[in-house]
Amino acid sequence: MAITKVESRAKVALGQKVAFGIGMLANQSFPAILGIFMVVLVQDLGFPGWMWSLIYFFPRIFDAITDPIMGYISDNTKSKWGRRKQYVFIGGIIMGIAYIFMWQLFKENTLQFNFWYFFLWSIIFYLGLTIFSVPYVAMGYEMSDDFHERTSIMAVAQWIGQWAWVIAPLFWIIMYDPDWFPSAEVAARQLAVWVAIPCAICAIVPAIFIKSKSTLNEDYQPLKLTNIGSSLKKIFVDSFAEALKIKEFRKLCAATFLIFNAFNTVAALTFFVIVYKLFNGDAAASGIWVSLFGCLGALGTTFIVIPTVTWMSRIMGKKKAFLLSQAISVIGYSMLWFLFIPGKPWMYIIALPFFSFGIGSLFTIMMSMTADVIDIDELNTGLRREGIFGAIYWWMVKVGFAIAGGLSGVIIAFVGFNPDLATTDQQSAVDGLHAFFCFFPMVGTLIAMYIMWDYDVTEERANEIRAALDKRKSEL
């Protein structure tokens, strides 16, 4: 296979960064709001725990399996529109349609009907997510070959995408307020339309506005069903092996897996920790404090973390910016242990700016680092494989996310927490939840920092790699 020629793209126009960032808003809004809506399945439609677990686990595993296939297809697409745009557009449309239909659930239908209806539509939704997200992320990796500009692109995208996490917690208030909707079941059906249409529009913005060049004359693997089928071993074994041979990429995947999924394991406990630690189990008395935790954390990420991390990355390099950001988050997790004080819920706000540095900085830096690692792969193999690397990276995230959902239940069972009891009747269980909430992600973060301690793709090395690639291309 011939080497893919990639034009040097250092500085990227702000409009192009914003167009990419609007796609990130869709990429984060759909899962953020989906997580809120999922409560309706148990709380209002009577899904037992095992059904909720199956719906949570299997579509995400399906998503993780299809990601590498989509990465291979995207990397080898010959089209006048380039390798990515058409998939981003089609995937955004599928997501929007599927999201509307998957939430058209009615309590009067049988439990089995609602389960299978939702399960099948969620498979279609996650298929759309794969078709959209894998080429979309790869599109961001190839927008620039400049060490710092890559961080700037991801920072703009994450800044815009973070608004999903500011907005999503507000759905807790809207869905369960009788002044808005007679029930959360009705709210889910109607709000699904108002969520899906704007999110689908945001998803297709990168496909419309981000520039790309024709790949009709590139020497890619031919894309036929028989060829893709025969290439499954190459996709799932050879590509994984080749990518993970790169030490730096292994470190990025492992560190992201630990930080993101340790956080998500306990994120599901947020409602219980706030309601039971601060309000003795009285959900009505907790008011807006559950929603406020997510909203303020996301706002802190948007206005404090992302600009600060982008600045730190330019001043001290990506690795040091990563390590310092995660060290600040460890301070935040420690503060949350002391600042969850019954009767004084406002105290936890003090910890949120520190706490937010963990997840808030993660993908801004890691996605920029991944783009640097893709250059190493091109130097080693002569192939430009943003799709495959992006798919493998997010495969690690998604499989871990599915595992994190199961671990949340394990923690609840381990501490013996019972949501039907007041805190005064199970103080040790509530304290156990609080301890896991603070210290489980702290441990994951510290291990990730240890893994990344000797990561060695500095700006100097990245520039040397780019120079070698440019020299190779000039000789073709």
Side-chain angles (χ1 to χ4, degrees), residues 25-60 62-63 92-129 132 163-203 264 267-268 270-272 275 283-284 286-288 290-291 293-295 298 401 405 408 419:
L25 182 61
N27 197 40
Q28 298 201 26
S29 290
F30 271 125
I33 298 172
L34 179 63
I36 306 295
F37 277 34
M38 288 286 282
V39 175
V40 174
L41 300 178
V42 175
Q43 190 76 14
D44 299 271
L45 294 169
F47 280 37
W50 67 269
M51 281 188 176
W52 192 90
S53 296
L54 289 177
I55 285 171
Y56 192 96
F57 185 76
F58 279 103
R60 287 167 173 81
F62 172 78
D63 185 31
I93 298 297
I94 294 174
M95 282 194 299
I97 293 172
Y99 194 86
I100 292 172
F101 278 96
M102 71 193 285
W103 287 106
Q104 301 312 303
L105 300 169
F106 295 84
K107 191 177 292 185
E108 54 265 30
N109 292 331
T110 65
L111 181 62
Q112 289 74 19
F113 176 87
N114 280 337
F115 169 75
W116 285 111
Y117 177 89
F118 187 88
F119 184 88
L120 293 173
W121 272 110
S122 65
I123 292 292
I124 297 172
F125 170 79
Y126 278 101
L127 177 63
L129 181 62
F132 161 77
W163 286 98
W165 303 98
V166 176
I167 296 167
L170 301 177
F171 281 86
W172 287 114
I173 301 171
I174 297 171
M175 293 175 67
Y176 285 94
D177 187 338
D179 292 333
W180 284 81
F181 297 99
S183 70
E185 169 207 358
V186 174
R189 288 199 299 270
Q190 296 184 14
L191 288 173
V193 178
W194 294 100
V195 168
I197 292 176
C199 285
I201 292 172
C202 289
N264 276 293
T270 303
F271 176 86
F272 300 114
V275 171
S286 66
I288 65 169
V290 175
S291 296
F293 188 92
C295 287
F401 192 56
S408 301

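Just so it is clear, the structure is predicted and the values come from calculations on it, not from any experiment.
Between atom OH of residue Y99 and atom CD1 of residue I197 there is a gap of 13.0 Å, rounded to the nearest 0.5 Å. Note that CD1 of I93 and CD1 of I201 are 8.5 Å apart. Values are rounded to the nearest 0.5 Å. Between F62 atom CZ and L127 atom CG the span is 5.0 Å, to the nearest 0.5 Å. A distance of 7.5 Å separates CH2 in W121 from CD1 in I97, rounded to the nearest 0.5 Å. Here the CD1-CD1 distance, from I167 to I33, works out to 7.0 Å after rounding to the nearest 0.5 Å. With rounding to the nearest 0.5 angstrom, the CG atom of L120 is 14.0 Å from the CZ atom of F101.
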Subject >> Full working for side-chain contact (heavy atoms from CB on, under 4.5 Å) between I174 and F181 >> reply: CA-CA 8 Å; I174 297 171; F181 297 99; 3.7 Å; yes
Subject >> V195/F171 under side-chain contact (heavy atoms from CB on, under 4.5 Å): CA gap, chis, key distance, verdict >> reply: CA-CA 11 Å; V195 168; F171 281 86; 3.8 Å; yes
Original post:
When you look at L129 and N27, which way does the side-chain contact (heavy atoms from CB on, under 4.5 Å) test go after all the steps?
Top reply: CA-CA 8 Å; L129 181 62; N27 197 40; 4.0 Å; yes
Original post:
Between F132 and I94, is a side-chain contact (heavy atoms from CB on, under 4.5 Å) present by the stated rule, with each step listed?
Top reply: CA-CA 9 Å; F132 161 77; I94 294 174; over 6 Å; no
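Pairing each heavy atom of L25 with each of C202, the nearest pair is CD2-SG, 4.1 Å. Residue C295 comes nearest to V166 through the heavy atom pair SG-O, 3.0 Å, listed as atom of the first residue, atom of the second, then distance. Scanning both residues, G92 and A200, for their nearest heavy atoms gives O-CB, 3.6 Å. Minimum interatomic distance between A168 and A32 (heavy atoms only, all atoms of both residues): CB-CB, 3.9 Å. Nearest heavy-atom pair across L34 and M102 is CD1-CE, 4.1 Å. Shortest non-hydrogen contact noted between Q28 and A164 is C-CB, 3.7 Å.
Within 6.0 Å of OH in Y117 there are more than 12 heavy atoms belonging to other residues, nucleotides or ligands.
Using the six-membered ring where Trp is involved, F119 and W116 have ring planes that are perpendicular, over 60° apart on the 30 and 60° scheme.
Looking at N114, its side chain does come within 3.5 Å of a backbone N or O of F106 through a donor-acceptor pair. Without hydrogens or angle criteria, S29 side chain to A26 main chain gives no donor-acceptor distance under 3.5 Å.
Residues F118 and W103 place their aromatic rings such that the two centres sit under 6.0 Å apart.
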